[in-house]
> 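Right, I'll just put the structure down here and ask away after.
Chain letters run A, B, ... following the sequence lines, proteins first and then strands; every chain starts at 1.
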Amino acid sequence: MSQSMPSVKPLLLQFQQLFALSKFVGVLPQDLTQFRTKNVLEKSRNGMFYMIGLLIIYVVLYIWLIIAFGEDDPAVKASQSTLTFVIGLFLTHIGLIMMATDQITALFNQGQLGDLYERLRVVDERLYREQCLVDNSYIAKRIRVMIIMTVIFELFILVSTYIKLVDYTQWLSLLWIVSVVPTFVNTLDKIWFAVSLYALKERFEAINSSLEDLVTEHEKHKAFLARDDDGNDTAGNQTADSSESQPPQYDANLEYLYKELGGIDIGSLRGSGSKSRNRVAPIAHSLNSFGERIPRKPHQINPNQMMNMAHESELSNATKVEEKLNNLCQVHDEICEIGKAMNGLWSYPILSLMAYGFLIFTAQLYFLYCATRSQSIPPLFRSAKDPLITVIILVYTSGKCIYLIYLSWKTSLASKRTGISLHKCGVVADDNLIYEIVNHLSLKLLNHSVDFSACGFFTLDMETLYGVSGGITSYLIILIQFNLAAQQAKEALQSFNSFNETAGLVGSATEFFNTSSTLYNLETTTMMTPSNY
Amino acid sequence: MSLCVDQVLHYHLRFYQLLGLHGLPLSGDVYLERNSRVLRLWGGCLLISFSGVALLCLISDDAYLYPDDGFGYFNDAMKYGFAELAVLSIYVETMWQRSHQARFWKLYAELATTTTPTPTPPLGNVGILMKRHRRYLIAFYGTLLTEMVLLGMFVCLQDITRNLLLFWTTFQPFVFVVHLRNTQFVLHLEVVRQQIRQLDSELALLVEYSGFASGAASFPGFEDYLRRQLREKQLIYERIYELCFSFRRSFSYSMLTVLLMIYIRIAVDCYFMLYTVHNNINNIDYFLILPAVLHVVVLIYASQSCMQMVPRIAYQLHNIVANSPALSLQIQNFSLQMLHEPVRIDCLGIIILDSHLLTRTACAVSTYMIYTTQLMPKLSGPSE
């Protein structure tokens, strides 16, 4: 314990840059100096006030932005279709809601987040004692790449929209900078979640690989023993040789089985030596004299004797293995628990992100359609006027959502993989005691799997993507249909009005038919309009 | 890295190699390293030429895409876009996921030597091989023949306009590659299914013996023999699981995009069918979606029959009469192992290839049909 303490570096050591940035932007309220010196997340009252202050400033600025750009052009508002207007009104605020959810959740969770990483550190120590080494050095690189990509995306969207689509002659246009704040804050918060999740996945994989190592080590060991036995056999043990290459005589009762399943048995007899010996030998052994063989042979032959023998492979020693497997499964349980706790802490932010992603994706595509038809769109969605910026925005938003879903799915898969590796150990060791342990732990693992969900509304796995993409397509088609209908109604109305005007002009010239002709026109246009649909 | 497979598989894999769909050298090849490099290069060339064709069709002013209205043009562009996506993922996978494919065939060779009673049937005994792979052969030649016949009928019956000529000469190669890729999935799935079936029949034998031994006559050592046999089966099952796993790893992206392309094509062509019938346009190319539908059904049938075998194995396992605690422990262990290692064929976890998918696809296509039928008069209205 004492020697492992200094060698296990806390995970939070890798989060230095991210924490400084998050603290500055107002994503996390925890104490900065404590984090710098001790790598722990501790509650901080000042941080809380700073963050609340920032939140209020962001909200005020954003609302100002909405008002300033909303009043930009009242004529635009009048020309918008009702549908576009309503969608725009609702969706301009969803970014704000998402950011507020992130920040308020972070404020509420500020004590628990520290505990989470502390538990993770304890897990690392336990893993270290089991000789499972987890390499944290990639995590700092990952964080850096994520931050750089976020900055590139945000900057590209901001700058290109500002230059191309905002009227930058007015000083008020500088307010447009505020439009990136919600997404940037949100992305930083999600980087915390994503990287922590990735760390969990690494730990599951470390457990799995250490189990797999046990298996390969044992297989090598068995192969080594088999080679050793072959050497002994050729040295002159004729009886053993004959008992291996063909079914011995006392097996006459089983002969028909060998014939039926002969292909398999003979195939494997010619294949790996260790397995075949394991299969044929026990009976031969129980009938032959016990002590005459070399000491390794009995254990090799009779699996029940295994635990009396001391070997290089850990799997041959059932009691030692029991301890190791138990420990690993306990650590696995603890990581699952941490995963669930982490999911709990981030459940509302993830839900709001997914809602945001879905709505913004649909809206951006819809507004792109509107823009190609040269209809007016809400001022805050002006980026939809340019297809390239739209594509970048869509990639950025969907990338964030899909990466989180993908990572949750991968972590869940890695946790389930442990059961598979455990069974490999059991089958390779082929010892009754180990089978008992494996069965017990396997049931435990089956009952204790980790699945991530957003507040229980939907699970974060890849199947959700199928549903979401289907939803987006359906809504898009419905929206376009409504838009088309509204557009055609508007055109009909306009043509009716112009028709009316000309009719009015004609009517004033020929007063005689005035009323009757207008009425007639009204009748014909209204009758004809529906037939266009 | 060379593969040792029987003749039927050998010839078909060679065929896939020629199309750049299979990136591993076969057993008869002499220069393994050079061959795999050449195969990769060939795949790259094909990918570039396909991408060039797709790009040409999308940006050209000529009538590659439907010229009469905007919606039809958009639909055709979508078909090309998704076809290009499918071809891209197919060739990229062939070039870069070779380690998983190699692992698949290595595991298959291992399993074939341990399980099949006659690992290498004598030369010229094509009958046995044909019988063994009959499902795959029917799927492969059946779909290919249907496609050819329909294409021939189309050429004979249809008055070819410039748009139709340009569209079909450029689009049909994509369709061929994607459909052949689909038969390649079926080939792999069929290989997995054969292994599971073999395991099932061996377990059934064990069940019979155990029943006989417990009811009529037992002899010393039988329980132990049974236990060892079960352990062998566990090892085999583990390999089958790995086989399935490496199949998923090596084909997941292209499976997804191939299905997506077929799905988009069916949805779009159903729309065109309604459109042409509604407007009395002389164009019968919509019946060429029939092979696409057939391909989806064949793939789902193959994967479904693969997945359905696993519960049967569990059933057989628990039918074994266990009289000793050691044997029952082994059975428990096997059963738990199967719970942990379910054979599940999915594309990146997004969709599972079972009959339920077929239902969902049919529902989705009909829903979109309703939407697009509503759009049809509005979009084509002004031009009428």
Side-chain angles (χ1 to χ4, degrees), chain A residues 250-254 256-257 260-265 267-268 270-271 275 278-280 282-283 286 303-304 406 409-410 413 416-420 422-424 426-428 430 432 435-436 438-439 442-443 445-446 461-466 469-470 473-474 477-478 480-481 484-485 488 532-533, chain B residues 110 113-119 202 205-206 208-209 217-222 224-229 231-238 241-242 245 325-326 329-330 332-341 346-352 360 364 367-368 371-372 374-375 377-379 381-382:
Chain A
Y250 47 76
D251 250 357
N253 289 329
L254 294 176
Y256 78 101
L257 290 183
E260 282 270 19
L261 295 162
I264 318 142
D265 252 357
S268 49
R270 304 242 161 91
K275 280 177 208 155
N278 229 350
R279 190 177 314 111
V280 185
I283 306 155
S286 62
N304 295 331
Y406 178 76
W409 176 66
K410 275 278 175 194
L413 278 191
K416 278 169 190 144
R417 184 90 198 164
T418 310
I420 298 168
L422 186 74
H423 273 281
K424 268 188 195 164
V427 178
V428 166
D430 194 24
N432 272 351
Y435 277 134
E436 269 175 32
V438 166
N439 284 3
S442 156
L443 274 174
L445 288 177
L446 268 184
D461 64 5
M462 299 297 268
E463 268 180 78
T464 312
L465 276 185
Y466 180 85
S469 52
T473 329
S474 306
I477 295 178
I478 294 173
I480 290 175
Q481 282 210 356
L484 273 173
Q488 280 176 352
N532 260 345
Y533 286 74
Chain B
E110 276 175 30
T113 48
T114 50
T115 56
T116 331
T118 46
E202 280 168 15
L205 265 181
L206 285 185
E208 256 177 51
Y209 293 153
S218 185
F219 25 82
F222 178 74
D224 201 42
Y225 166 79
L226 210 57
R227 202 188 66 75
R228 274 180 287 112
Q229 281 296 330
R231 179 175 171 266
E232 288 292 305
K233 302 290 168 286
Q234 270 185 282
L235 285 170
I236 290 171
Y237 185 78
E238 196 182 289
Y241 176 77
E242 292 294 329
F245 182 75
L329 194 65
Q330 193 83 34
Q332 273 179 38
N333 191 272
F334 197 175
S335 177
L336 282 169
Q337 185 191 0
M338 264 190 268
L339 282 182
H340 276 286
E341 303 175 357
D346 55 14
C347 324
L348 276 177
I350 294 177
I351 40 175
I352 307 171
R360 284 200 296 185
T367 313
Y368 288 129
Y371 290 149
T372 45
Q374 279 202 318
L375 280 175
K378 286 180 194 165
L379 289 166

> To check you understand the geometry: which heavy-atom pair defines the closest contact between A:Asn439 and B:Leu336, and what is its length?
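In terms of heavy atoms, the two residues are closest at O-CD1, 3.5 Å.
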> Rounded to the nearest 0.5 Å, what separation is found between the CG atom of B:Leu235 and the CG atom of A:Asp430?
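Those atoms lie 8.5 Å apart.
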> About how many Å separate OH of B:Tyr371 and OG1 of A:Thr473, when rounded to the nearest 0.5 Å?
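Rounded to the nearest 0.5 Å, the OG1-OH separation comes to 10.0 Å.
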> Quick one: what part of A:Ser474 sits under 4.5 Å from any heavy atom of chain B, side chain, backbone, both or neither?
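Contact with chain B is through both the backbone and side chain of A:Ser474.
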> Start with the C-alpha distance between A:Lys424 and B:Glu238, add both sets of side-chain angles, then the distance that settles side-chain contact (heavy atoms from CB on, under 4.5 Å), and finish with yes or no.
CA-CA 8 Å; A:Lys424 268 188 195 164; B:Glu238 196 182 289; 3.1 Å; yes
> Checking B:His340 side chain against A:Ser442 main chain: does a donor-acceptor pair fall under 3.5 Å?
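Such a contact is found between B:His340 side chain and A:Ser442 backbone.
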> Where does B:Tyr237 contact chain A at under 4.5 Å (heavy atoms): side chain, backbone, both or neither?
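Neither part.
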> Can you say whether B:Ala326 sits under 4.5 Å from chain A via the side chain, the backbone, both, or neither, judging by heavy atoms?
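Answer is both: backbone and side chain atoms of B:Ala326 are under 4.5 Å from chain A.
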> Please report the shortest heavy-atom distance between A:Glu463 and B:Ile350, naming the atom on each side.
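Scanning both residues completely, I find the closest heavy atoms to be CG-O, 3.3 Å.
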> What part of B:Phe334 is in contact with chain A, defined as an atom under 4.5 angstrom from a non-hydrogen atom: side chain, backbone, both or neither?
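Interface part for B:Phe334: neither.
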> Looking at A:Leu446, A:Ile477, A:Val438, A:Leu422, which makes the most heavy-atom pairs under 4.5 Å with chain B?
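The candidate making the most pairs under 4.5 Å is A:Leu446.
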> Identify which part of B:Glu242 has an atom lying under 4.5 Å from any heavy atom of chain A, answering side chain, backbone, both or neither.
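Just the side chain, heavy atoms under 4.5 Å.
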> Using the ring of A:Tyr435 (Phe, Tyr or Trp, six-membered ring only), decide whether B:Arg227 places NZ or CZ under 6.0 Å from its centre and within 45 degrees of its axis.
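Cation-pi check for B:Arg227 and A:Tyr435: fails.
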> Mind listing the closest non-hydrogen atom pair of B:Leu348 and A:Met462 along with its distance?
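The answer is O-CG, 3.2 Å.
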